Visitor: 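I have a structure here, written as structure tokens, and I will follow up with some questions on it.
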Amino acid sequence: MEGSLRAPFIIRWPGKVPAGRISNEIVHTVDLFTTLARVGGAEVPTDRAIDGVDQLDFFLGKQEASNREGFPAYVADRLSAVKWRNWKVHLIWQETMYATPQKLPLPRVINLLTDRKEERDVAAQNSWVADPAVRIIGELEASFKKYPPIKLGTPDPYTPP
């Protein structure tokens, strides 16, 4: 499961990005839009929700930490989990890709530093991890209220209301 979210990322920009730097910080693929917009001098739209965060200072080595601590993880149209730092909080559990997804009565908390295969629920010992996960879900829900998701079948090009 973590393998679908955790993937290597290599960036090369001689004279700008420090060579040989290795990090385990979170950068989401949607962060490339906002970051590359800044590199190119473009303005990021303000009339719609933009999921990416600018990671340029992190890439350039001006800061050690990423500008992202976590993100909601969707499978199909379901919020299945929340990734926060080195933790994942599952709301829906699917044992294999062919199994039926099961909504969990209580979130399943995984420590990704010690359990990359996500086999052990450590929620009982780490219930505090729910707080940042709930914050991320709250931010997502607030963005949906401000910018409702575009309905399936909406003609393209889409113009926000």
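Since the model is a prediction, treat every value here as computed from it, not as a measurement.
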Visitor: Examine distances only and state if a side-chain atom of Asp115 and a backbone atom of Glu118 form a donor-acceptor pair shorter than 3.5 Å.
Guide: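 Indeed, once roles are kept as given, a pair shorter than 3.5 Å links the two residues.
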Visitor: For Glu119, is the CD atom crowded, meaning more than 12 foreign heavy atoms sit under 6.0 Å from it?
Guide: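 Buried by this count: over 12 neighbours within 6.0 Å.
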Visitor: What residues, two or more places apart in sequence or in another chain, satisfy ring pair (Phe, Tyr, Trp, His ring centres under 6.0 Å) together with Phe144?
Guide: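 Counting only residues at least two positions away or on another chain, Phe144 forms no ring pair (Phe, Tyr, Trp, His ring centres under 6.0 Å).
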Visitor: Tell me the salt bridge (Lys or Arg N to Asp or Glu O under 4.0 Å) pairs involving residues 142-161, sequence neighbours left out?
Guide: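 Not a single pair qualifies under salt bridge (Lys or Arg N to Asp or Glu O under 4.0 Å).
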Visitor: For residues 11-24, pull every pair meeting side chain to side chain donor-acceptor pair (under 3.5 Å), keeping only residues two or more places apart or in separate chains.
Guide: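 Only Arg6-Asn24 qualify under side chain to side chain donor-acceptor pair (under 3.5 Å).
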Visitor: Which residues, ordered by chain and number, are linked to Phe33 in its hydrophobic cluster, where ILVMFWY side chains connect at heavy-atom gaps below 4.5 Å, directly or through other members?
Guide: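 Members other than Phe33 - counting any ILVMFWY side chain reachable under 4.5 Å - are Val44, Ile50.
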Visitor: Who passes side-chain hydrogen bond (donor to acceptor under 3.5 Å, both in side chains) against Asn67, sequence neighbours left out?
Guide: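 Here the qualifying residues are Gln63.
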Visitor: With sequence neighbours excluded, what pairs up with Ala99 under the side-chain contact (heavy atoms from CB on, under 4.5 Å) test?
Guide: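 Residues passing side-chain contact (heavy atoms from CB on, under 4.5 Å) with Ala99: Gln94, Glu95, Thr96.
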Visitor: Quick check on Gln125: does its CD atom have over 12 non-hydrogen neighbours (other residues, nucleotides or ligands) under 6.0 Å away?
Guide: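 Result for CD/Gln125: enclosed.
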Visitor: Minimum heavy-atom separation for Phe59 and Val17, please, with both atom names.
Guide: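 Closest approach of Phe59 to Val17, heavy atoms only: O-CG1, 3.5 Å.
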Visitor: Tell me the salt bridge (Lys or Arg N to Asp or Glu O under 4.0 Å) pairs involving residues 23-40, sequence neighbours left out?
Guide: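 As it turns out, the salt bridge (Lys or Arg N to Asp or Glu O under 4.0 Å) pairs with a partner in residues 23-40, which skip direct neighbours, are Asp31-Arg68, Arg38-Asp54, Arg38-Asp57.
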Visitor: Using ring pair (Phe, Tyr, Trp, His ring centres under 6.0 Å) as the criterion, list what pairs up with Phe71, not counting sequence neighbours.
Guide: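 Only His28 meet the ring pair (Phe, Tyr, Trp, His ring centres under 6.0 Å) criterion with Phe71.
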Visitor: Can you sort out the partners of Ile136 under side-chain contact (heavy atoms from CB on, under 4.5 Å), two or more places apart, ordered by chain and number?
Guide: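 Checked Ile136 against side-chain contact (heavy atoms from CB on, under 4.5 Å); matches are Pro72, Val82, Trp84.
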Visitor: Could you pull out the closest heavy-atom pair between Leu104 and His90, with the gap in Å?
Guide: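 Minimum heavy-atom separation between Leu104 and His90: CD1-O, 3.4 Å.
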Visitor: Which hydrophobic side chains are connected to Val75, either touching it within the sub-4.5 Å cutoff or through other members that do?
Guide: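 For Val75, no cluster forms, as it stays isolated from other hydrophobic side chains.
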Visitor: Apply salt bridge (charged side-chain N to carboxylate O under 4.0 Å, His left out) to Glu69 and list each qualifying residue two or more places apart in sequence or on a separate chain.
Guide: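 By the salt bridge (charged side-chain N to carboxylate O under 4.0 Å, His left out) rule, Glu69 matches Arg85, Arg135.
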Visitor: Could you tell me which residues satisfy side-chain hydrogen bond (donor to acceptor under 3.5 Å, both in side chains) with Ser66, sequence neighbours excluded, listed by chain and number?
Guide: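 Ser66 satisfies side-chain hydrogen bond (donor to acceptor under 3.5 Å, both in side chains) with Gln55 only.
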